[in-house]
S.K.: 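Structure in structure tokens, see below.
Letters A, B, ... are given to chains in the order of the sequence lines, protein chains preceding strands, and every chain is numbered from 1. Quick note: numbers below take in every heavy atom, side chains included, and nothing from hydrogens, waters or symmetry partners.
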Amino acid sequence: MTNYIGKSVKRVEDKRFITGQGKYTDDIKIPGMVHAYILRSPYAHAHVKSIDTAEASKVPGVISIITGADIPEAIAGVPCGWQVDFKNGDTMKEPPHPLLVRKTVRHVGDGVVLVVAESKAIAKDAADMIDVDYDVLDAVADPKAAAQSGAPLVHPDAPGNLCFDWELGNPKEEVAAALAGAHHVTELDFVNQRVIPNAMETRGVVAQYDTAYDKYTIYTSTQNPHLIRLLMCAFVLGIPEHKVRVVGPDVGGGFGSKIFHYTEEALLVWASKHLNLPIKWSSDRSEAFLTDAHGRDHASNAKMGFDKDGNIVALQATTYANLGAYLSTFAPAVPTYLHGTLMQGLYTTPKVNVDVKGVFTHTNAVDAYRGAGRPEATYLLERLLDLGALEMDMDPTELRRKNFIPAFDGVEQEGYQTQVALQYDSGNYEPVLDRALEMVGYENFRKEQAAAASSNKILGIGFSTYIEACGIAPSAVVGALGARAGLFESAQVRVQPTGKVSVYTGSHSHGQGHETTFAQIVADRMGIPLDDVEIIHGDSDSVAFGMGTYGSRSLAVGGSAIVKSIDKVLEKGAKVAAHLLESSVDDLDYADGKWTVKGTDKSVSFGDVSLTAYVPHNYPEGLEPGLDFSSFYDPANFTYPFGAHVAIVEIDKETGAVKLKRFIAVDDVGNVINPMIVDGQIHGGLAQGIGQAMYEGALFDDTGQLINGSYMDYCMPRADALPSFEIDRTVTPCPHNPLGVKGAGEAGCIGSTPAVVNAVVDALWKAGYKVKDVPMPMTPERVWTAMQG
Amino acid sequence: MLVKGNHEFNISKEMLWSYLMDPEVLAKITPGISELEPTGEDSYNTISNMKIGPVKGSFKGKLNVIDKEEPSSFAIDMEQLSKIGNAHGKISMKISDADNGSTNLAFNGDVKLSGMIARMGQRVLSGVANLIIKEVFASLETHISESTA
């Protein structure tokens with residue numbers, strides 16, 4: 001069988017993962033390796049008055065104790081990879097993010113002292129003996145509070161704690177005028193709370209400096225090895241890039257939090273040369289809570305205006321986005337170009353304005369987390385639509401249908417130009433809603449709901465019809481929007497002399513199953529067995545270049561790069577085959593792993609052609625030997641998956657406890673290579689999106705302390721809290737990439753959250769409680785409180 | 001972390017005041033305290049051991065008695081440092097006549113926590129702290145009845 005695309009091939013990588021043979025950063029052991037522990041600030045904002053390391057340095061086994069003052073001044077800190085400007089044209093404020101603080105700590109967990117010892121336990125014990133004398137200062141954790149005058153300043157050169165004050169879309173006055181003339185305006189003040197990514201594998205770094213070759217090798221738990229190398233070499237440490245190898249080995253989940261270049265990476269690399277010792281740091285779970293970049297954290301006001309028939313006439317979205325104390329690699333892009341640009345949704349809204357203030361606070365950095373900006377945009381839009389339907393006493397599905405953008409395939413019909421910069425590639429929105437309603441049994445449900453309205457267990461249904469932008473992204477477009485990197489992808493297809501194929505991809509798998517999906521593409525297109533294909537990723541010394549994996553880009557961008565290289569291999573292979581068959585390229589067909597002269601039984605196999613390419617005794621004149629091609633693919637546009645998510649909840653009126661009874665998701669992610677893997681991605685995304693709605697949320701006290709920084713205090717969704725998901729798909733191919741794929745990694749997390757909250761509000765509203773919002777996570781106490789008015 | 005509560009003693013305001021201002025008494029009755037060393041008038045260095053839920057640690061710190069208005073009010077200003085986190089705060093104490101002829105001691109304060117004790121189980125810590133303070137007063141009552149017996 002060589003027909004692999006569209007088949008649920010079991011994941012080849014799972015054999016090593018489920019037998020405990022995965023090799024993660026913490027599994028890396030180098031002879032002579034020493035261990036690092038980072039002593040972190042217990043305060044959100046303080047001046048460091050003194051650091052006393054005398055006792056700690058006497059502990060047997062301690063090798064070195066390094067403070068901020070020991071790091072050369074020239075190493076200013078880790079950079080930000082995206083520039084967002086103020087609406088008046090001013091450049092965003094970009095304060096330095098030092099590897100270890102020199103004078104001021106700006107969030108709990110800010111690194112203060114690096115202790116290096118023979119073991120992690122010794123390093124930790126020695127760190128306990130270090131006395132840091134702090135002068136504790138006032139702190140602010142809430143983004144809206146931080147933007148008010150008089151709030152404690154995070155950085156002296158960022159007045160009002162503003163990083164940027166940005167807007168997108170139609171002029172505000174036009175939106176205001178449209179809202180003023182609207183028949184009805186639905187308005188909501190809400191918080192899209194901060195969530196903590198909680199990848200199963202915590203972060204870690206192993207760094208080794210080799211004096212013989214003057215070369216560094218770094219293992220790091222990253223989604224993005226080449227970008228880490230580029231940022232660290234060129235912008236932090238000033239090391240020549242060709243003298244650094246970065247490996248992202250097996251990585252146990254990232255959800256965005258491992259995209260970024262963290263201080264620990266550069267700190268360990270610097271220390272490995274400074275001490276001339278291989279050195280390892282691995283984060284424990286407490287550190288992960290404090291230092292892995294968090295997600296979301298928006299405080300918003302939104303207004304959606306409707307005419308008397310329910311047509312949306314305008315949208316105004318105003319958001320304070322928490323960036324944390326320092327700018328993480330893509331932090332400014334998330335609440336702006338990955339959020340504001342999605343405010344058109346699936347709707348024909350003629351006037352849209354998005355106003356976003358990026359605010360520094362005394363908290364850990366906030367950056368991309370599964371969905372990155374699109375979940376926040378979807379939440380805002382979909383909450384307003386369901387609430388608008390309740391307020392106007394209209395059916396929420398009918399209200400959506402009225403406003404859907406009509407179907408367009410991006411080929412016969414042009415892409416849809418939004419009011420907020422993007423042009424959607426292809427879309428057909430009614431079928432996903434139709435299918436979801438069919439699966440729900442909508443009419444029946446409404447009858448059941450009415451029957452239950454007077455009982456103690458009330459029922460509600462919530463909708464979310466989302467769109468997202470993924471397959472990030474055309475380099476020229478993102479460059480114009482402030483990205484300091486291109487967002488293409490590379491792929492090399494190296495055919496070995498025996499016809500076996502090694503594929504080097506710049507995409508990085510940390511749970512997505514690339515080793516299977518990418519191999520399916522190669523085996524299918526080349527007509528060879530799946531076992532003949534090996535996918536190699538995550539090593540900057542073997543892969544030419546890579547922009548890594550995030551923004552549901554691997555298949556749409558990385559997969560397309562692989563297709564380009566496959567095409568080149570087959571094109572050259574055909575020349576060799578034509579020579580061997582004494583025919584011309586135009587007379588050959590390629591299928592099932594062999595070239596055949598049309599209309600004859602004369603053929604030559606892929607393996608024979610490969611061998612000939614490497615043993616070119618009988619070979620076309622002028623053709624280079626070998627069969628090995630690299631390609632870089634820069635997409636023409638983002639891709640725009642969409643879908644309809646429906647939640648059905650039951651609320652116990654006496655306790656406020658919410659039970660998610662059913663969850664229906666119909667997604668359109670374009671063509672599907674491996675349905676089982678897509679299902680898995682959707683399931684995982686749904687769990688995280690529902691987790692935000694019902695369970696998760698980072699809490700800070702008024703001194704900036706994270707008060708739920710452990711699994712005893714931070715509630716993660718578990719299997720027993722979730723119903724068996726009911727999922728289906730429609731297929732609207734992407735018109736601009738060779739696979740017609742759109743991306744599925746984030747869809748579940750983008751669509752699901754508002755559906756669940758909408759269901760709770762619907763249940764309450766239909767039972768007579770005119771509750772507009774229940775803040776997330778919707779704990780029983782919050783639901784009960786909302787019911788008391 | 002907010003702490004708040006009260007306790008009634010069957011002695012006069014003045015008597016209660018004198019017990020509360022006696023460092024030896026305080027050292028004896030405070031749970032976990034192993035050292036209370038005067039460093040000046042109304043200032044002490046302290047060492048104490050605490051176990052709160054999943055975390056335990058040895059705290060070193062300063063304790064000052066401030067805002068003294070004999071015999072009706074004072075406040076304790078404290079800073080306690082440990083490897084599991086730090087506590088800074090001020091607890092106000094009000095001593096007043098109770099209806100039944102006894103004396104009421106009411107406490108009210110805000111203690112800021114940092115480090116691991118802030119992150120783990122802080123939601124239950126207020127209750128624990130109130131319990132500890134009540135335990136102090138219960139011990140004081142026992143001490144009073146023993147010393148006046």
S.K.: Side chain from CB out, backbone as N, CA, C, O: work out which of these in A/L39 comes under 4.5 Å of a heavy atom of chain B, or both, or neither.
M.R.: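 Neither; nothing under 4.5 Å.
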S.K.: Does any heavy atom of chain B fall under 4.5 Å from the side chain of A/L699, the backbone, both, or neither of them?
M.R.: neither
S.K.: Where on B/L113 is there a heavy atom nearer than 4.5 Å to chain A: the side chain, the backbone, both, or neither?
M.R.: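 Contact with chain A involves the backbone of B/L113 alone.
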S.K.: Using only distance (under 3.5 Å, no hydrogens or angles), which donor-acceptor pairs connect chain B and chain A?
M.R.:
| unit_1 | atom_1 | unit_2 | atom_2 | d |
| --- | --- | --- | --- | --- |
| A/Y43 | OH | B/N86 | ND2 | 2.6 |
| A/Y43 | OH | B/H88 | NE2 | 2.8 |
| A/D128 | O | B/K83 | NZ | 2.6 |
| A/I130 | O | B/K83 | NZ | 3.4 |
| A/D702 | OD1 | B/K112 | NZ | 3.1 |
| A/D702 | OD2 | B/K112 | NZ | 3.3 |
| A/Q705 | OE1 | B/G115 | N | 3.4 |
| A/G709 | N | B/R119 | O | 3.1 |
| A/M712 | O | B/R123 | NH2 | 2.8 |
| A/D713 | OD1 | B/G121 | N | 2.8 |
| A/D713 | OD1 | B/R123 | NE | 2.9 |
| A/D713 | OD1 | B/R123 | NH2 | 3.3 |
| A/D713 | OD2 | B/G121 | N | 3.1 |

